[in-house]
Amino acid sequence: METVYVSLAEKSYSIDVDSGNLEKIGPTLASFDRVSKCIVLTDENVNRLGLSGRVAESIADAGIDVCVLTIAAGEQSKAIETAATLWEALLDEGTDRRSVLVAVGGGVIGDLGGFVAATYARGIRFFQVPTTLLAQVDSSVGGKVGIDLPTAKNMVGAFHQPLGVLIDTATLQTLSDDQYASGLGEVVKYGVSLDAELFEFLEANVEPLQKRDADVLRQIVSTCCRIKATIVAQDEFETTGLRALLNYGHTFGHAFESLSHFSLLHGLGVSIGSICAARLAEKLGMVDADFVARQLRLHRALGLPTDVPPEIDSAEVLHRMRQDKKSVAGKLRLVLPTRLGACAVADDILDAAVLDVLR
Ligand code: GLY
């Protein structure tokens, strides 16, 4: 087992990464102070696979009262209507300040569950059990929780750190090819923008990654969590600009996602978005053509999308990009690569340059 520590003073927590460790959730939750009850939040897919049932059983075996709330799978659930239904459900279940919400699922469940936990009774504790690659390497770590507005992803939310994160990489064998590729989009993001060694490791392990090799997955998930934990520990609330660097490809990616009405999975939007960001950086003289070609090669080898879907209108993309939380006074601010494994926030990007890479 690998343990990654997120160092945030009294809000510090551990991320346990292993394979076949799902049943450790009960004893883990029992080790926290005064847990009166656990509410397991999951979606229909994860429920059907039996993962939330195993989590609930382990919690009950540890002597903690538990109930399971199941919502429809998909980004559409990350909305105020679902949050309102869940607030009512928590009330009906007699949730109190000693209760813990346990989010078992992908990024939607973790973000929505964390948001509901951050807001119910002015905040209750929550614990993350991410079951998709995307949630394991990114969204379950760092305490960003929230819901989408119809035209702006993650626009309403809070910073609410979990009590801890338990990652069982065996759950990755249950993912559809698209869900798995979506997670790989975020993994490659870490390599390109923050860790050249990880990028090289990915280049050298394309085949094991395609086969979802257990050892390679454990190694990659813990490396990504370690990169993210180091950044979050230094810039929890994204005020210094450091945490914003985790968003390479995201401003483009969020626009593609929302314009596709979320039929494009998050990590696939990020995959196309990071190629756009690399091309833009080349245009601005920040990286050379070889950098872009190398990134493209890895994306293609891993089966990740690289082209903007033809039905997506460039002017609409630009409009959505301006609504990004990094924008200031409507001016685009984008994370762009400066060399392999390094990136920076670039200000005052000209519309014409963005439109050029979109076409
Ligand atoms: N996904 C980027 C962050 O958590 O800051």
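Atoms within each ligand, like the ligands themselves, are counted from 1 in listed order.
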Check: Looking just at side-chain N and O atoms, do H266 and E186 make a donor-acceptor pair shorter than 3.5 Å?
Finding: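 The answer is yes; a qualifying pair exists.
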
Practice prompt. Starting from V108, walk the hydrophobic network (Ile, Leu, Val, Met, Phe, Trp, Tyr; side-chain heavy atoms closer than 4.5 Å) and list everyone else you reach, by chain and number.
Written response: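 Hydrophobic cluster check, V108: no partners found.
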
Contact residues of ligand 1 with a heavy-atom cut-off of under 4.0 Å?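 Only D138, K144, K228, R243, L246, N247 have heavy atoms that fall under 4.0 Å of ligand 1, ordered by chain and number.
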
Quiz item: About how many Å separate CG of L172 and CG of L134, when rounded to the nearest 0.5 Å?
Solution: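 Rounded to the nearest 0.5 Å, the CG-CG separation comes out at 11.0 Å.
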
Taking the side chain as every heavy atom from C-beta outward, state whether L296 and F291 have any pair of such atoms under 4.5 Å apart.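 Answer no - side chains too far apart.
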
| request: Find out whether F262 and D148 are in side-chain contact, i.e. whether some heavy atom of one side chain is under 4.5 Å from a heavy atom of the other. | output: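 Yes, side chains in contact.
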
Do R243 and F237 form a cation-pi contact, if we require the NZ or CZ to be under 6.0 Å from the six-membered ring centre and within 45 degrees of the ring's axis?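 Ring-cation test returns no.
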
